[in-house]
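Input: a single structure, listed below in C-alpha cells.
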Number of protein chains: 2
Amino acid sequence: MKLDNIDLQLLELLQQDSKMNVKEIATQLNLTKTPIYERIKRFEKEGIIEKYVAVLNRKIISQSMIVFCSVSLESQKIDEINAFSEAVRQIPEVMECYLMGGINDFLLKVTVKDLNAYHHFSSGKLAVLPNVGQIKSTFVLNEIKRSTVFPLSL
Amino acid sequence: MKLDNIDLQLLELLQQDSKMNVKEIATQLNLTKTPIYERIKRFEKEGIIEKYVAVLNRKIISQSMIVFCSVSLESQKIDEINAFSEAVRQIPEVMECYLMGGINDFLLKVTVKDLNAYHHFSSGKLAVLPNVGQIKSTFVLNEIKRSTVFPLSL
DNA sequence: TAGTACAAAAGGAAAATTTCCCAAAATGAA
DNA sequence: TTCATTTTGGGAAATTTTCCTTTTGTACTA
C-alpha cells in the first residue's frame with residue numbers, strides 16, 4: 001500500500017470536503033475524472049477511507065459541553081481492560097476513549113448537553129461499571145480547534 | 001431552531017454515513033425524498049451540518065501515534081491565550097485543542113507518524129511558541145473508541 | 001363543525017453526477 | 001526498442017440530486 005503525491009492531495013481534499021464532485025477535484029489536481037474516481041474507489045476498497053460522515057455544529061444542536069475524564073481501573077489485568085473498553089464503546093456520550101501510557105489510565109472525551117447530563121453520565125453510567133476506580137473530570141472551557149484532517153506526508 | 005424527531009433520526013444517520021442517498025434515507029424514515037432533501041438542505045443552510053468529510057483509517061496511512069499534551073502558559077492574560085490559540089490552529093499535527101477548566105491549561109490532541117515526528121513537533125513547533133510554560137506529554141497506547149456521532153435527543 | 005391558511009409531503013421531470021466501458025498514453029522491465 | 005502492465009482520457013448509460021407543482025395534513029378561526 002503506497003500513496004503517491006496525488007493520493008495525498010486527494011485524501012487531503014476529501015478529508016476537508018467529501019462532497020466535492022469528481023470533476024471538480026479532477027480540475028484542481030490537473031487530471032480527468034476517471035483517475036480520480038478510480039483512486040477514490042481504491043481508497044474505499046482498501047479501507048484507507050473508512051467512511052463518510054456529516055460533521056455537526058455542536059453549539060447549534062446544544063450539545064455544548066465537553067468533559068475529559070481520566071478513569072483508573074482497580075485491576076489492570078488484560079481481561080478487565082477489555083471488559084471496560086467494550087462497555088465504554090456502548091456509551092454514546094463517550095465520543096473518544098484511549099488507553100494511556102505512563103499511568104495506565106483511560107482518557108475519555110465525553111459530550112453532554114449540560115452539567116446535569118454530565119452528572120447523570122458520570123454517576124449513572126460510568127461509575128457503575130465494574131472495576132472502575134478513580135474518576136477525575138476536567139471540563140472544557142473553550143474548544144480552540146477541532147479538525148478531522150490528518151496531517152499527511154510521504 | 002427546533003428539531004423534531006425525524007430531524008434527529010436524520011442527523012444520526014448522516015453522522016454515521018453521509019453518502020447514503022436521499023431515497024434510501026427516505027425509505028428508512030418512512031418518507032419520500034422531498035422532505036428528506038429539504039430537511040438536509042435546511043441543516044446545511046442553518047449550519048447544523050458544518051461540513052461533510054471522509055474519515056481515514058489512521059493505521060493504514062501510518063499516522064499511528066496519538067499524544068495528548070498539556071500545555072500551560074506563563075501568562076494567562078486573555079491576549080496571550082488568544083495568541084497561543086491562533087498559533088496552535090496553524091499546526092496540522094494538532095487535531096484538537098481545548099482550554100481546560102480548573103487548571104487553566106490547554107489540552108492538545110496531537111497526531112504524528114512516530115516518536116521521532118513527535119519530538120520534532122514538540123520541541124520544534126510547540127515549545128518554541130511564545131509564552132509556553134510547561135509541556136506534559138502522555139502517549140496513547142491504544143485507541144479504544146473514536147466516534148464522530150454526537151448523542152442527540154430532544 | 002366547517003372553512004381557511006399555512007406548512008409539510010408526494011410525485012415527476014430536468015439537470016447534474018456517478019459509474020462503467022474501451023481506447024490511448026505513459027511507465028517499467030527485459 | 002519492444003512488450004506488458006498500469007494509468008489516464010473521453011464518452012455513454014445509470015443513478016442521484018435538484019427543483020417544480022400538486023396534494024395532503026395540521027392548526028387556527030369563526
Side-chain angles (χ1 to χ4, degrees), chain A residues 1-57 59-63 148-154, chain B residues 1-63 113 148-154:
Chain A
M1 163 94 31
K2 41 194 158 184
L3 301 170
D4 65 16
N5 206 43
I6 293 170
D7 286 330
L8 295 180
Q9 290 181 65
L10 179 51
L11 286 170
E12 169 125 19
L13 285 177
L14 292 174
Q15 283 189 96
Q16 285 161 352
D17 180 7
S18 63
K19 275 281 160 60
M20 282 182 87
N21 70 49
V22 171
K23 200 173 161 187
E24 206 176 339
I25 299 173
T27 306
Q28 273 202 36
L29 301 185
N30 279 95
L31 281 167
T32 53
K33 58 189 166 27
T34 309
I36 298 298
Y37 177 75
E38 309 255 307
R39 280 165 190 261
I40 294 175
K41 287 299 143 189
R42 185 181 127 235
F43 294 154
E44 292 170 357
K45 192 179 167 194
E46 301 191 347
I48 297 177
I49 293 180
E50 269 185 20
K51 56 184 174 176
Y52 297 93
V53 306
V55 175
L56 306 192
N57 185 315
K59 283 168 189 166
I60 292 182
I61 59 174
S62 77
Q63 288 283 341
T148 49
V149 181
F150 285 117
L152 298 177
S153 56
L154 283 174
Chain B
M1 161 96 29
K2 39 195 158 179
L3 302 171
D4 64 17
N5 207 43
I6 292 170
D7 286 330
L8 295 179
Q9 290 181 64
L10 178 53
L11 286 170
E12 168 126 19
L13 286 177
L14 292 173
Q15 283 189 95
Q16 286 161 351
D17 179 7
S18 63
K19 275 281 160 65
M20 281 182 86
N21 68 49
V22 172
K23 201 173 159 187
E24 206 177 338
I25 298 173
T27 306
Q28 273 201 38
L29 300 187
N30 280 96
L31 282 167
T32 54
K33 57 189 166 30
T34 310
I36 299 298
Y37 176 76
E38 309 246 301
R39 281 164 190 262
I40 294 174
K41 286 299 143 189
R42 185 181 126 233
F43 295 155
E44 292 170 357
K45 191 179 168 195
E46 302 193 345
I48 297 177
I49 295 180
E50 269 185 21
K51 56 184 173 176
Y52 297 93
V53 306
V55 175
L56 306 191
N57 185 315
R58 223 184 59 251
K59 284 170 189 165
I60 292 182
I61 59 174
S62 77
Q63 288 281 344
K113 195 165 53 180
T148 49
V149 181
F150 285 117
L152 298 177
S153 57
L154 283 175

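Nothing here was measured: the structure is a model prediction, and the numbers come from that model. Throughout, a chain's letter reflects where its sequence line sits, starting with A, and its residues are numbered from 1.
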query = Can you tell if the side chain of B/Ile49 reaches within under 4.5 Å of the side chain of A/Leu56, non-hydrogen atoms only?
reply = yes
ask   = Once you round to the nearest 0.5 Å, how far does CG of A/Leu13 lie from CG of A/Leu29?
value = 5.5 Å
request  = Evaluate the side-chain proximity of B/Phe43 to B/Asp7: yes if any heavy-atom separation is below 4.5 Å, no if none is.
outcome  = yes
task = Would you grab the first and last nucleotide of DNA chain D (5' to 3') that comes under 4.0 Å of any non-hydrogen atom in chain A?
result = D/dT8 to D/dG11
key: Test item: B/Ile61 and A/Ile48 side chains (from C-beta on) under 4.5 Å apart, heavy atoms   = yes
query = So what does A/Arg39 hit on the nucleic acid, given a heavy-atom distance under 4.0 Å: a base, only sugar-phosphate, or nothing?
reply = sugar-phosphate
ask   = Taking side chain as C-beta onward, heavy atoms only, is A/Val53 less than 4.5 Å from B/Asp17?
value = no
ask   = Which letter, B, S or -, goes with each nucleotide of nucleotides 10-21 of chain C from 5' to 3', with contact meaning a protein heavy atom under 4.0 Å?
value = BBB----SSBSB
message = As a test of understanding, state which of B/Gln16, B/Lys19, B/Met20 forms a side chain to side chain contact (heavy atoms under 4.5 Å, CB included) with A/Tyr52.
response = B/Lys19
ask   = To the nearest Å, how far apart are B/Ile25 CD1 and C/dA9 P?
value = 14 Å
ask   = Mind checking whether B/Leu14 and B/Ile25 have side chains closer than 4.5 Å, heavy atoms only?
value = yes
key: Heavy atoms of other groups near B/Lys51 NZ, more than 12 under 6.0 Å   = yes
key: Note, B/Glu46 side chain near A/Ile60 side chain (heavy atom, < 4.5 Å)   = no
Net bend of the helix from C/dT1-D/dA30 to C/dA30-D/dT1, end axes of five pairs each, nearest 10 degrees = 30°
inquiry  = Less than 4.0 angstrom from a charged side-chain N to a carboxylate O is my criterion; do A/Lys41 and A/Glu44 meet it?
reply    = yes
